[in-house]
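Structure first, then comments.
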Amino acid sequence: MTDIVFLLLLFFMLTSTLIAPNALKLLIPQAGQSVDIVQNIPEVELRHSGMILVDGRSVQFEQLGLILNQKLTGQTDPTIRLITAPDVTVKETVKIMNVAAVNNYKVVLLKK
């Protein structure tokens, strides 16, 4: 009986690792890494007060998806730079990353 339980446990452990996680694609720069950054990547800055800036212009969260769609139309590999202040919560950051995930944008996450 214990052999059967052990085999079932082993089976479920192996099959659960094969399931693809529901996660966002993030590109996090490494220290000392030199990468040529394309200048036409929109820069989304999230400040501690909840203020969202796209390329230096303040926008409302509801408008963010529309503005990014306009800026990234026609690009083969749409990517945004997400810059967060040190005191921004994870919840606020994930809201922005979810907008990118819905639109299939890559996100380069940077911390100020």
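Side chains are part of it too, since the values below use all heavy atoms of this structure and drop only hydrogens, waters and symmetry mates.
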Next on the checklist: I'd like to know if V5 and F12 are part of one continuous hydrophobic network [Ile/Leu/Val/Met/Phe/Trp/Tyr, side-chain heavy atoms within less than 4.5 Å].
Outcome noted: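 Looking at the clustering, V5 is in a separate group from F12.
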Checklist entry - Do L7 and M13 belong together in a cluster built from hydrophobic side chains that touch within less than 4.5 Å? => result no
Checklist entry - Which value, rounded to the nearest 0.5 Å, describes the distance between L46 atom CG and L109 atom CG? => result 10.0 Å
Checklist entry - Which pairs with one or both residues in residues 44-53 pass side chain to side chain donor-acceptor pair (under 3.5 Å), sequence neighbours excluded? => result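 Residue pairs with at least one partner in residues 44-53: E45-R47, E45-K112.
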Looking at side-chain heavy atoms only, is the closest gap between [X] and [Y] below 4.5 Å?
X	Y	value
I52	S58	no
Q60	L64	no
L82	T93	yes
T89	V94	no
N103	N69	yes

Item to check | Heavy-atom pair with the smallest gap, counting every atom of V99 and G65 | outcome: CG1-CA, 3.9 Å
Checklist entry - Hydrophobic cluster mates of V102, side-chain heavy atoms under 4.5 angstrom, ILVMFWY only, any path? => result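 Members alongside V102: none; it stands by itself.
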Next on the checklist: Suppose clustering is done on Ile, Leu, Val, Met, Phe, Trp and Tyr with side-chain heavy atoms closer than 4.5 Å. Which residues sit in the same group as M51?
Outcome noted: L53
Next on the checklist: Here's a test for you: under side chain to side chain contact (heavy atoms under 4.5 Å, CB included), which of L72, D77, T79 qualifies with Y105?
Outcome noted: L72
Next on the checklist: Just to verify, what does E43 make a side-chain hydrogen bond (donor to acceptor under 3.5 Å, both in side chains) with, not counting sequence neighbours?
Outcome noted: R81
Checklist entry - Under the side-chain hydrogen bond (donor to acceptor under 3.5 Å, both in side chains) test, which residues partner D87, sequence neighbours left out? => result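 Result, side-chain hydrogen bond (donor to acceptor under 3.5 Å, both in side chains) vs D87: none returned.
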Checklist entry - Between V44 and I96, is a side chain to side chain contact (heavy atoms under 4.5 Å, CB included) present by the stated rule, with each step listed? => result CA-CA 9 Å; V44 179; I96 305 297; 4.1 Å; yes
Checklist outcome for this item: The complete set of salt bridge (charged side-chain N to carboxylate O under 4.0 Å, His left out) pairs with one or both residues in residues 64-76, sequence neighbours excluded, reads D55-K71
